[in-house]
Novice: 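This structure is in structure tokens; I'll ask about it shortly.
Both counts, for ligands and for their atoms, begin at 1 and track the order of listing.
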Amino acid sequence: MINEKPKYKRILLKLSGESMMGKKDFGIDPDFIFYLGNEIKEARKTGVEIVVVVGGGNIFRGVAGSKEGMDRTTADYMGMLATIFNGMALQDALERINVTSRLQTAFEIKEIAEPFIRKRAIRHLEKSRIVIAGGGTGLPFITTDTAAAMRALELNCEAIFKATGVDGVYSKDPKKDKNAKKYERITLEEAFKSDDIGIMDNSAIDLCRSNTMSVVVFNIYNSGNLKRAVLGDNIGTLIE
Ligand code: GTP
């Protein structure tokens with residue numbers, strides 16, 4: 001029997017930039033973002049408060065830009081702007097299904113979004129609004145996974161829900177090795193030390209590890225998974 005009470009009071013949902021592409025090769029797929037909005041809406045109905053951090057790799061990836069000769073800091077700022085594009089697209093999708101949200105950015109572009117103000121973000125969450133944190137941390141050389149870990153910690157979230165295209169954490173890459181074994185539960189220490197578990201970069205996992213922030217890894221492409229994970233169903237991997 002499904003217990004409809006959420007296991008968590010407040011979570012941070014980390015969406016990759018790739019997830020905004022849907023089936024496209026680049027950019028934004030409004031249909032898929034509409035699907036993501038509905039997944040968030042269903043999860044929100046359980047009463048859980050949701051902060052969302054979106055990556056930007058579907059539009060621009062700072063590391064890739066710098067490999068092609070760009071200044072790394074400039075490239076990273078472009079990547080941060082890409083996360084704001086995605087945040088705007090997600091907010092648009094949420095508005096279309098009557099889910100109230102607030103987009104807050106790590107650096108000011110006031111004509112477009114609110115600046116990130118921690119206590120204001122918390123008030124929005126308490127009023128059942130989805131808070132979309134755009135622009136990463138506002139600092140170069142930092143991934144959006146690390147930004148997600150930082151926002152989750154400062155907004156007192158109980159867990160990071162890392163949305164992926166696989167069902168959880170495997171011993172090897174399940175797309176390359178059919179003998180890969182899925183873990184139901186591992187420790188943050190194991191995730192940090194293992195070279196084979198690449199679910200988040202090490203600085204993000206290290207932040208979680210040193211501050212005991214759990215990470216739930218789950219497949220966002222299966223409809224209903226986000227809600228089930230919020231309810232505490234064992235559908236992915238719990239890193240704690
Ligand atoms: P409450 O005070 O709790 O009711 O929150 P609120 O967000 O509804 O109040 P506010 O009147 O501050 O915001 C109304 C709308 O303006 C919301 O959609 C905000 O996201 C938006 N908003 C607030 N501050 C800014 C800003 O600095 N820039 C932009 N672009 N929008 C803002």
Side-chain angles (χ1 to χ4, degrees), residues 6 8-17 19-20 27-60 62 73-140 142 144-161 163 220 226-227 230:
Y8 305 89
K9 182 176 182 300
R10 182 178 298 160
I11 63 159
L12 183 140
L13 172 65
K14 168 70 202 333
L15 295 170
S16 66
S19 69
M20 308 301 271
I28 281 172
D29 178 350
D31 284 344
F32 194 73
I33 298 176
F34 189 70
Y35 160 82
L36 292 173
N38 272 298
E39 293 298 295
I40 292 170
K41 182 176 185 172
E42 288 308 308
R44 178 70 197 94
K45 282 182 187 164
T46 66
V48 71
E49 294 170 6
I50 305 175
V51 183
V52 186
V53 167
V54 196
N58 54 322
I59 298 167
F60 191 82
T73 303
T74 303
D76 276 350
Y77 279 122
M78 289 170 70
M80 288 178 228
L81 287 171
T83 72
I84 298 172
F85 271 48
N86 286 334
M88 290 169 73
L90 182 63
Q91 184 171 47
D92 172 80
L94 289 170
E95 276 170 4
R96 279 189 278 148
I97 49 175
N98 301 316
V99 177
T100 316
S101 67
R102 294 289 185 265
L103 173 62
Q104 293 198 340
T105 53
F107 48 88
E108 285 195 10
I109 36 172
K110 277 185 112 174
E111 289 75 7
I112 293 173
E114 296 179 22
F116 177 77
I117 297 168
R118 174 178 180 260
K119 289 199 168 168
R120 193 157 183 209
I122 289 173
R123 281 301 289 146
H124 288 323
L125 292 165
E126 288 167 352
K127 290 177 180 173
S128 305
R129 297 164 180 159
I130 308 295
V131 171
I132 305 167
T137 56
L139 297 169
I142 292 174
T144 43
D145 275 348
T146 303
M150 289 174 77
R151 291 292 185 236
L153 288 164
E154 65 187 322
L155 295 173
N156 307 330
C157 296
E158 286 167 318
I160 297 175
F161 277 52
I220 190 74
L226 175 60
K227 179 177 177 181
V230 161

Novice: Decide whether the shortest distance between a heavy atom of Arg120 and an atom of ligand 1 is less than 4.0 Å.
Specialist: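 Contact check Arg120 vs ligand 1: positive.
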Novice: Between Leu90 and Met20, does the side chain to side chain contact (heavy atoms under 4.5 Å, CB included) criterion hold? Intermediate values first, please.
Specialist: CA-CA 9 Å; Leu90 182 63; Met20 308 301 271; 4.2 Å; yes
Novice: Where is the tightest heavy-atom contact between Ile11 and Tyr8, given as atom of each residue plus distance?
Specialist: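 Scanning both residues, the minimum pair turns out to be CG2-CB, 3.5 Å.
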Novice: Does Ala113 reach ligand 1 with a nitrogen or oxygen that is under 3.5 Å from one of the ligand's nitrogen or oxygen atoms?
Specialist: yes
Novice: Quick check: closest heavy atoms across Ile28 and Ala89, and the distance to 0.1 Å?
Specialist: CD1-CB, 3.9 Å
Novice: To which of Lys127, Gln91, Glu126 does the heavy atom nearest atom 3 (O) of ligand 1 belong?
Specialist: Lys127
Novice: Would you check if the side chain of Thr137 reaches a backbone N or O of Ala147 as a donor-acceptor pair within less than 3.5 Å?
Specialist: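 Such a contact is absent between Thr137 side chain and Ala147 backbone.
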Novice: At their closest point, which heavy atom of Tyr77 faces which heavy atom of Pro140, and how far apart are they?
Specialist: OH-CD, 3.7 Å
Novice: Hey, is Glu39 close enough to Lys227 for a salt bridge, meaning N to O under 4.0 Å?
Specialist: no
Novice: Have a look at Arg123, Glu114, Glu111 and point out the one with the heavy atom closest to atom 21 (C) of ligand 1.
Specialist: Glu114
Novice: Show me which atoms of ligand 1 lie under 4.0 Å from any heavy atom of Ile112.
Specialist: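 Within the 4.0 Å cut-off of Ile112, ligand 1 contributes 30 (N).
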Novice: Given Arg129, His124, Lys110, which one has a non-hydrogen atom that is nearest to atom 26 (C) of ligand 1?
Specialist: Lys110
Novice: Is atom 15 (C) of ligand 1 less than 4.0 angstrom from some protein heavy atom?
Specialist: no
Novice: Which ligand 1 atoms does Pro115 reach within 4.0 Å, using its non-hydrogen atoms?
Specialist: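 Matching atoms, with element in brackets: 27 (O).
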Novice: Does any part of the side chain of Cys157, heavy atoms only, come nearer than 4.5 Å to the side chain of Glu49, both counted from C-beta?
Specialist: no
Novice: Considering heavy atoms of the protein only, find what lies nearest to atom 6 (P) of ligand 1 and give residue, atom and distance to 0.1 Å.
Specialist: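 Sorting protein heavy atoms by distance from atom 6 (P) of ligand 1 puts Arg102 NH2, 3.5 Å first.
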Novice: Verify the contact flag for atom 32 (C) of ligand 1, where contact means a protein heavy atom under 4.0 Å away.
Specialist: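 Protein heavy atoms within 4.0 Å of atom 32 (C) of ligand 1 - there is at least one.
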Novice: Look at atom 11 (O) of ligand 1 and say whether a protein heavy atom is found at less than 4.0 angstrom from it.
Specialist: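 There is no protein heavy atom less than 4.0 Å from atom 11 (O) of ligand 1.
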Novice: Between Phe60 and Phe85, is the ring centre distance below 6.0 Å?
Specialist: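 Phe60 vs Phe85: aromatic centres not under 6.0 Å.
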